[in-house]
Visitor: 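First the structure, which I've put down as structure tokens, then a few questions once you've had a look.
A quick note: this is a predicted structure, and the numbers were derived from the prediction, not measured. Convention: sequence-line order gives letters A, B, ...; per-chain numbering from 1.
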Protein chains: 2
Amino acid sequence: MGSGIHMKVKSPTQSRDAELTKAKILDAAEEEFGQGGLAGARTEAIAQRTGVTKAMIYYYFESKEGLYEAVLERCFQGHIQASSDPTWHEGDPAEKLEGLIRQFLARSAQNPNLPNIVAYEALQNQGKYFKQVGVPQYYETMARILERGMQMGVFRQVDAYHASVSIVGACVFYFCCRENVKFLWADKDIMSPEMVAAHMDEAVNLIMRGLMI
Amino acid sequence: MGSGIHMKVKSPTQSRDAELTKAKILDAAEEEFGQGGLAGARTEAIAQRTGVTKAMIYYYFESKEGLYEAVLERCFQGHIQASSDPTWHEGDPAEKLEGLIRQFLARSAQNPNLPNIVAYEALQNQGKYFKQVGVPQYYETMARILERGMQMGVFRQVDAYHASVSIVGACVFYFCCRENVKFLWADKDIMSPEMVAAHMDEAVNLIMRGLMI
DNA sequence: GTCTATACTGGGATAGAC
DNA sequence: GTCTATCCCAGTATAGAC
């Protein structure tokens with residue numbers, strides 16, 4: 001998963017490994033940005049999580065914004081790469097859409113920072129960095145599956161973009177507003193595997209049935 | 001709507017009207033909290049919008065948190081009062097649910113601060129103030145309509161709470177993440193009446209069809 | 001490459017005059 | 001009831017030693 005360029009075998013056991021430090025900063029930053037967004041995150045907190053000093057952050061990423069961009073690129077790479085797979089546009093559109101949605105839900109459940117960052121990006125930064133990283137193309141992929149499904153008579157007639165946004169909303173709201181809705185399940189952990197599976201099934205059913213002819 | 005206690009008829013025309021000042025602060029604060037949430041809002045900005053000084057905010061609301069609570073109570077009062085209307089639980093459940101959803105969408109469109117505050121509450125405050133103000137009961141109302149619809153055989157069998165969350169998500173995501181998705185419509189204003197109406201129809205159709213037997 | 005120390009700024013909150 | 005002035009903490013960013 002590393003760049004592979006840095007394969008020094010004799011690297012000393014001491015804490016002077018640039019790639020490792022960078023990676024640790026990115027991990028900590030993702031967590032912080034997930035909690036406060038770009039504006040709310042504290043560089044001091046990121047440094048403390050990482051175990052280095054604030055100065056290191058500026059040494060490697062130049063600014064808070066630079067770090068934020070690096071985090072965004074790294075953590076939405078999965079979504080973006082997945083969405084550019086041409087096989088989404090072959091075979092049964094209903095099956096493909098369900099696959100895309102389930103993958104999306106699985107990623108959100110596995111890393112709850114992602115949904116938070118999505119919401120914060122819109123609220124704090126007007127989606128500026130998102131556009132830069134190429135997230136909008138994810139919606140394009142979904143819309144294209146919908147278009148093909150309509151042409152093939154699998155889906156009813158909808159506005160592909162509006163529908164895509166509503167679909168993503170039905171999936172992601174549970175995660176990014178989990179702190180608001182957790183009160184509905186006093187005795188359960190909202191991110192437990194069982195609860196996540198239940199949300200997945202409910203959301204997928206609502207969406208797929210909502211689209212069928 | 002005022003307390004009624006303060007009914008001085010001979011109040012001078014000069015700018016020394018407590019109720020008016022309070023109301024102006026609340027208006028400005030709602031806007032600011034909509035843009036930055038509790039943590040991100042700046043009291044200085046609220047004061048400037050209002051045309052008074054920061055000191056006034058503390059004079060009337062004691063603290064930033066106090067102001068925030070007052071804003072929340074005022075601006076979600078509509079949702080909460082509406083949801084406690086017993087007539088939601090009479091007549092055709094499908095019709096009632098659609099009515100509730102359309103009302104919810106209309107309110108969100110009319111005051112886009114609401115969806116933003118909803119999201120910020122979850123992200124920044126873990127829904128703490130929301131619970132205080134009684135927002136969770138809104139979901140209870142929706143869940144109850146769903147339950148009755150299932151009993152009557154109008155809706156298919158779903159988990160009423162999970163479904164409610166997905167429904168709200170499908171409705172509200174368009175608004176609170178409008179800055180992320182605006183790029184999908186390069187030439188249109190996402191909050192224009194036409195676009196809002198289109199979202200409404202798509203969301204309502206997706207949800208209602210998704211629930212029907 | 002990593003640290004300590006510090007310059008600089010912004011923002012919440014309060015004291016006290018009017 | 002409203003203002004000005006100010007305290008003080010927190011947070012970004014940098015300089016410079018090691």
Visitor: Does any N or O in the side chain of B/Glu202 come within less than 3.5 Å of the main-chain N or O of A/Asp159, such that one atom is a donor and the other an acceptor?
Guide: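 Yes: the side chain of B/Glu202 pairs with the backbone of A/Asp159.
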Visitor: What is the distance from CD of B/Gln48 to P of D/dT2, rounded to the nearest Å?
Guide: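 It works out to 17 Å between those atoms.
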Visitor: In whole Å, what is the span from the CE atom of A/Met56 to the P atom of D/dA13?
Guide: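 My rounded result for the distance is 15 Å.
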Visitor: Which listed nucleotide (D/dT14, D/dG1, C/dT2) is nearest to the side chain of A/Ala55?
Guide: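 Nearest listed nucleotide: D/dT14.
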Visitor: C/dG12 base to B/Lys54 side chain: any donor-acceptor pair below 3.5 Å?
Guide: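 A donor-acceptor contact between them is present.
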Visitor: What's the shortest heavy-atom distance between B/Glu140 and A/Leu184, and which atoms?
Guide: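 Of all heavy-atom pairs spanning B/Glu140 and A/Leu184, the closest is OE2-CD2, 4.1 Å.
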Visitor: Testing the 3.5 Å rule here: is there a donor-acceptor pair between the side chains of A/Asn113 and A/Glu31?
Guide: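 There is such a pair (donor and acceptor under 3.5 Å, judged by atom type) between the side chains of A/Asn113 and A/Glu31.
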Visitor: Using whole Å, report how far NZ of B/Lys22 lies from C1' of D/dT2.
Guide: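 B/Lys22 atom NZ is separated from D/dT2 atom C1' by 16 Å.
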Visitor: Atom CD1 of B/Ile46 to atom P of C/dG11: distance rounded to whole Å?
Guide: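 My rounded result for the distance is 12 Å.
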Visitor: Salt-bridge test for B/Asp17 and B/Lys22: reply yes if a basic N is under 4.0 Å from a carboxylate O, no otherwise.
Guide: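 Salt bridge flag = no for B/Lys22 with B/Asp17.
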Visitor: Is B/Thr43 near enough to C/dG11 that one of its side-chain N or O atoms lies under 4.0 angstrom from OP1 or OP2?
Guide: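 For C/dG11, neither OP1 nor OP2 has a side-chain N or O of B/Thr43 closer than 4.0 Å.
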Visitor: Between B/Tyr58 and C/dA13, is there a contact of a side-chain N or O with OP1 or OP2 at under 4.0 Å?
Guide: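 Yes, because at least one side-chain N or O of B/Tyr58 sits under 4.0 Å from OP1 or OP2 of C/dA13.
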Visitor: Looking only at heavy atoms, what is the nearest atom pair of B/Ala28 and B/Ile46, with distance?
Guide: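 Reported closest heavy-atom pair: CB-O, 3.7 Å.
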Visitor: Looking across every strand, which nucleic acid part, if any, lies under 4.0 Å from B/Ala39 by heavy atom: base, sugar-phosphate, or nothing?
Guide: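 It contacts nothing in the nucleic acid.
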Visitor: Find the distance B/Glu44:CD to C/dG11:P and express it as a whole number of Å.
Guide: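 Rounded to whole Å, this separation is 8 Å.
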Visitor: Is there a residue in residues 119-127 of chain B whose heavy atoms reach under 4.0 Å of DNA chain C, and which residues are they?
Guide: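 When residues 119-127 of chain B is checked for heavy atoms under 4.0 Å from DNA chain C, there are no hits whatsoever.
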Visitor: Between B/Tyr60 and D/dT2, is there a side-chain N or O to OP1/OP2 distance below 4.0 Å?
Guide: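 True: B/Tyr60 side-chain N/O within range (under 4.0 Å) of D/dT2 OP1/OP2.
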Visitor: Does any N or O in the side chain of B/Glu73 come within less than 3.5 Å of the main-chain N or O of B/Val133, such that one atom is a donor and the other an acceptor?
Guide: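 Judged by distance alone, no pair lies under 3.5 Å.
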Visitor: May I have the distance from B/Ile57 (atom CD1) to C/dG11 (atom P), rounded to whole angstrom?
Guide: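 Nearest whole value for this atom pair: 13 Å.
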Visitor: Among residues 62-74 of chain B, which contact DNA chain C at a heavy-atom distance under 4.0 Å?
Guide: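 Heavy-atom cutoff 4.0 Å gives B/Lys64.
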Visitor: Using the six-membered ring wherever Trp is involved, compare the ring planes of B/Phe33 and B/Tyr68 and label them parallel, tilted or perpendicular (cut-offs 30° and 60°).
Guide: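 Perpendicular: the ring planes of B/Phe33 and B/Tyr68 meet at over 60°.
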Visitor: If the cut-off is 4.0 Å, is A/Thr53 near the phosphate of C/dC3, judged by side-chain N/O to OP1 or OP2?
Guide: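 A/Thr53 to C/dC3 OP1/OP2: side-chain N or O found under 4.0 Å.
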Visitor: Describe the nucleic acid contact of B/Ala47 in one word from base, sugar-phosphate, nothing, applying a heavy-atom distance below 4.0 Å.
Guide: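 Answer is nothing: B/Ala47 stays at 4.0 Å or more from every strand.
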Visitor: Would you please confirm or rule out a distance under 4.0 Å between OP1 or OP2 of D/dA10 and any side-chain N or O of A/Arg42?
Guide: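 Looking at the OP1 and OP2 atoms of D/dA10, neither is under 4.0 Å from any side-chain N or O of A/Arg42.
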Visitor: Do side-chain atoms of A/Gln124 reach the backbone of A/Leu38 as a donor and acceptor pair under 3.5 angstrom?
Guide: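 Indeed, once roles are kept as given, a pair shorter than 3.5 Å links the two residues.
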Visitor: Under 6.0 Å between ring centres: does that hold for B/Phe76 and B/Phe130?
Guide: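 Between B/Phe130 and B/Phe76, which both carry aromatic rings, the centre distance is below 6.0 Å.
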Visitor: How many whole angstroms separate atom CD of B/Glu32 from atom P of C/dG11?
Guide: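 Distance, rounded to whole Å: 10 Å.
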Visitor: What integer distance in Å separates B/Tyr59:OH from C/dA15:C1'?
Guide: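 One finds 15 Å between C1' of C/dA15 and OH of B/Tyr59, rounded.
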Visitor: Just say parallel, tilted or perpendicular for the rings of B/His199 and B/Tyr174, cut-offs at 30° and 60°.
Guide: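 B/His199 and B/Tyr174: parallel rings.
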